[in-house]
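Worksheet: the structure to be examined is printed underneath.
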Amino acid sequence: MSAFFVNRPIFAMVISIVITIFGIVAASTLPISQYPEITPAEIKVEATYTGANSVAVEQSVATPLEQKINGVENMIYMKSVNSGDGKLSLTVSFEVGADLDNSNVLVQNRVSEGTASLPEEVKRLGVTVKKSLTFPLMLVTLRSPNNTFDNNFLTNYATINIVDEIARIRGVGQVTTFGGSEYAMRIWVKPDRLAKLGLTVPDITRAIQEQNIIAPAGKIGAPPAPPGTEFTYAVQTQGRLESEKQFENVIVRSNPDGSQVLLKDVARVELGAQIYNSIGRLNGSSAAILAIYQLPGSNGLEVAENIRSTMNRLAEKFPSDIKHSISLDTTRAIDAGIHEIIVTLFEAIVLVILVVFLFLQSARATLIPLVAIPVSLVGTFAFFPLLGFSINTISLLGLVLAIGTVVDDAIVVVESVSLHMSRGLSPKEATLKTMEEVSGAIMATSLSLVAVFVPVAFMGGITGRLYQQFAITIAISVLFSSVNALTLSPALAALVMKPESGEKEGWLGKIFAKFNSGLERLTTRYVKVADYTVHNIRRSMILLTTIVIGVVFIGSRLPAGFVPEEDQGYILANVQLPDAASLERADEVCRKVEKILGAAEGIESYTTVVGFSLLSGSMQTNTAFFFIELKDWAERGPELDAKKIARTLSGAFAQRIPEGMAFAFGPPAIPGLGTGSGFSMMLQDRGGNPPQYLDAQTQKFIQAARARPEIANVFTTYRAGVPQIFADIDRSKVLKLGVNMSDVNTALGSFLGGAYVNDFNRFGRLYKVYVQAEPEYRISENDLGMFFVRGKEGQMIPLSTLITTERRSGPEFTNRFNLFRAAEVSGAPAAG
C-alpha cells in the first residue's frame, strides 16, 4: 500500500489536506466549554401558590407533581425547593447524555397529568417546564448613576427592552431578574374603610373581574346578512383596564340612593411590583440584575460574546441615566484556560520539533514529522461532532499529550529511510525498502496504543464521561498518525530527503558533535546498566519491587479528589441572619458586607441580592447572596488567588458581622454539580414525620460529621425552628355565624399574602392584578381585628372573632428528594 503513495505523492498530500480541512471545519462549529457535558441533564418545573407557606406548597403542589413525574424515562433523581413565598422549584435530573429535548417533552406530559390535582390558584398562574443550567453564565446589571430611576423602573425597563432580546440569542436558556420584579397593578386595600362600608375582599375581587375583562362583541352586518347589506362593522368594547385611574374608578358597589363606592374609596391603586422580596445592588449602588443561564450543549464563549454585543447595541438607545455592565462572567475562566492550553500546545509542538531536529540533525528529515503533527491533531476534530464531543480543557489536554505520540511513527519512517540511504540507496528506493520493514510495526504499535485508551470509552457515569474525551482524543490522533505514516510520510520522504554528505560544519555542526558525543557516552552507560541487570535478575526484581511498593505507599497517602478546585475568576458569599429576620435587617447587614468587599484586595466588582440564597435556592427575608467578580489573574498574582481571598473575607465577616453568619466560598469545580465548592448530600425522612423531626436528626448528623477529622466544615441551610404564627380558624363558630369558609380563607390570604385577581395590558405586555392590605395593616397578628367578613345576615364580623393565633415554629422552606422530605447538608473536606 505504501508503494502506491510513494509513486503518487500528490494523492497522499490530497488525503492529508482533506483530513485537515474536515478538522478545521468541524472545529469551527464545535461548542467550547470548560469541561465535557458530564453533568446530568436537568429540567426545571416552577409553580406559584400566592400566599402559601412552604409546607402548604409542598403538600398541595410539589407532592402531586412529583408523584406524576416520578419514573419518567431516563430520570435518575428529582429535587424540589418549596419556599415560604409560595414558590415551587422542582428539578428533574436525567442520565448523562440523555436527549434534553425529549426529556423536556416527557416531563411536560407528566406535569399535564398532575395539573388536575393542583389548587385553582396555581392553575391560574400556570406551571412552567423548561431546560436550563443551575448556575448563571453571566450577570448583566442595569444601574442609574445619578439615581434618576429606582430599582423597579430599571427592572421593568430591562424586562421590556432587554430580556426578550437576550432570550432570542442562540444558546440562552433562561433570563431571571433579581432585585426587582415585573410591574403589577397593586390594589392596596384599607380594611377599616372596607368594614365601615360593609364590603369584603370578595366584593372587590368580583368587581375587578367583572369590569376588567375582554368581552368580544361581534360584528354588525356580518354574514349571513340580508340582501342589500353594504357594510360590515366590527363592534369594539372597552376591554381591559390599563391605567391606575381606570382601576381607581372601578365600581365596587352601587347604593339604592344612586351613590357608588369606587375602588379608590377603599384602596390605594399603584402600578407597583409583582413581588417585593429582594433588593439588588452593584458595588453598593441600586441596580437591576439579569441572571442569564446557558442552554446545555451550547457554546458558552459564543453565547457570552453575543450577549456582550447585544447589550452594546441596546445601550445606544438607553435613557441618559441608565448604564449597564457585565458584573459576572463565568466564561473568563474558560477563555483563559483554553488560551493557556493552546499556548502549551504550541510550546509542546516547538519542543518536539527541536528534539526531533536535534536527534535527526537534518532540516529535511525534521520537516516530515513536523507536517504529521497538524494533520493528526487537526484531523482529530473531524470526529468530535460524530461523538458528541466539545472543545474543552480535557480534549485539548489530550491533544497536548498526543503530540509526542503522533510524531513517533513519522520519526520511525524518517530514521529508517536515512539508514538505507546511508547504505547507498536512492531516497525512493530507501523509502520503499523502509515501508516493507516498518509498515507492520507501525500498525501494530498504533493499534496497541488505541487498545490502551479505547476501553475508557465504555466507562459509565460522570467519571467515565469526564475521561472519555481525553482517552478517545488520543486514540483518534494516534490512528491519524498511523495513516499519515503510511501515506504522507513515505511520499514526502521519497521527495524531500537527500543523502547527507559528511559531518555538518559551523556552530550547528559543533552543537551536533557535542550532542552526539554525549549521547554516545550515555548510551554506553545505559548498555552497561542493562547488561548488569540482565545478569542479576534477583537484584533487579528486588529493586523493581521496592520501587512499586514505594509508589503504592506514597500514592495511598496522597489526598484524593474528583476534580481540583481552580481559581475561576470569581467567588461567592452567603449571608444568613437569625430566623424570621426582616428584609430590612438583612439589607443593613449587607451594607456592612459591601464595605468589607469594597476595601478588599483583588476584587473587581460585587453584586448583591438581598432576600435570596443560592445555597437553599429560595427567597428568604433573612438571607442574602453575593456574586464577587475578581480582578484578572495577571493583576492579582499568585498571592491573591480565589481561595486566599475567600478565606480572608470569611475571617473579616466573622469579626465584623456579629448580626448573622456570613462566609465566602468558591464556585463548584464543575459547573452544574452543586452550588459551591466542597460536597453536598441529601438526608431523607422516609417516615413522613413533621419538619421538626428532620431538623433534629439533621443536627445530630452534622454533630457526628464535625467529629470526623476528614471534614473541615459541614452545615445545612434547612431550619424547622423558624418563628411563625399559627392561625387557628374556629370552624364551628364560622358555620354558626353563617360565614362562608371560603370567604374567611380568601380574606386572610388576600390581606396578608396578596390575591391574584386577573390581568391587564400595558406597554405591549401582560401584567397581573393583586389585592392586598396596606403594609401598616399587617404588621402584627393583632391586626386581624381590622379584617372583616360578611355573616349570613349581612353583618360585618372581624376575623379576630373567628381566628385565634399562637406562636409556633416551622420551616421557611422545605426540600424534597425523590418523593421524600429531605435536608441538604453541605461542607468541605479537611486539608489534605
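None of the values given here were measured: they were computed from a predicted structure. All values below were derived from every heavy atom in this structure, side-chain atoms included, with hydrogens, water molecules and symmetry-related copies excluded.
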Considering non-hydrogen atoms only, spot the tightest contact between Asp409 and Ser481 and give its length. OD2-OG, 3.3 Å

Could you state the interatomic distance from CZ (Phe470) to CZ (Phe453), rounded to the nearest 0.5 Å? 6.5 Å

Any idea which heavy atoms bring Gly379 and Ile19 closest together, and the distance? CA-CG2, 3.6 Å

Quick one: which of Leu425, Val414, Val417, Val412 gives a side chain to side chain contact (heavy atoms under 4.5 Å, CB included) with Thr434? Val417

Gap between atom CD1 of Ile391 and atom CG of Leu30 - 0.5 Å precision: 4.5 Å

Scanning both residues in full, the closest heavy-atom pair of Leu137 with Gly300 reads CD2-O, 4.1 Å

Is it the case that over 12 heavy atoms from other parts of the model lie below 6.0 angstrom from the CZ atom of Arg170? no

Counting distance only, does the side-chain N/O of Ser395 pair as donor-acceptor with the main-chain N or O of Ser390 below 3.5 Å? yes

Nearest heavy-atom approach of Pro455 to Ala451 is CD-O, 3.0 Å

Just by modelled atom types, is the Glu302 backbone N or O under 3.5 Å from a matching donor or acceptor in the Asn306 side chain? yes

Look up atom OG1 in Thr445 and atom CG in Leu449, then write down how far apart they are to the nearest 0.5 Å. 6.5 Å

Would you say Leu479 and Val483 make side-chain contact, with heavy atoms under 4.5 Å? no

Donor-acceptor pair, side chain of Thr29 and main chain of Ala26, under 3.5 angstrom: yes

I'd like to know if the side chain of Asp567 and the backbone of Ala642 have a donor-acceptor N/O pair within less than 3.5 Å. yes

Could you report the tightest heavy-atom contact between Pro136 and Thr330, atom names first, then the distance? O-CG2, 3.6 Å

Sort out for me which residue in Ile474, Ile476, Ile472, Val478 forms a side chain to side chain contact (heavy atoms under 4.5 Å, CB included) with Thr380. Ile476

Phe384, CZ: over 12 other non-hydrogen atoms inside 6.0 angstrom: yes

In terms of heavy-atom contacts, does CD1 of Ile10 have more than 12 from other residues, nucleotides or ligands at under 6.0 Å? no

Val18, Thr20, Val25 screened by side chain to side chain contact (heavy atoms under 4.5 Å, CB included) with Phe22, the one that passes: Val18

Is it true that, when you exclude Glu635 itself, more than 12 heavy atoms of the residues, nucleotides or ligands shown sit nearer than 6.0 Å to its CD? yes

Donor-acceptor contact below 3.5 Å, side chain Ser517 vs main chain Ala513: no

For Leu630, is there any backbone N or O sitting under 3.5 Å from a side-chain donor or acceptor partner on Arg636? no

Check whether Ser416 reaches the backbone of Val413 with its side chain - one donor and one acceptor, N or O, closer than 3.5 Å. no

Look only at the side chain of Asn104 and the backbone of Leu100, and say whether a donor-acceptor pair between them is shorter than 3.5 Å. no

To the nearest 0.5 Å, how far apart are NZ in Lys433 and NE2 in His420? 6.0 Å

Please check: side-chain N/O of Ser426 versus main-chain N/O of Glu429, any donor-acceptor pairing under 3.5 Å? yes

Could you report the tightest heavy-atom contact between Asn392 and Gln469, atom names first, then the distance? ND2-OE1, 3.0 Å

Test of understanding: with salt bridge (charged side-chain N to carboxylate O under 4.0 Å, His left out), list the residues that count as partners of Asp335, not counting sequence neighbours. none

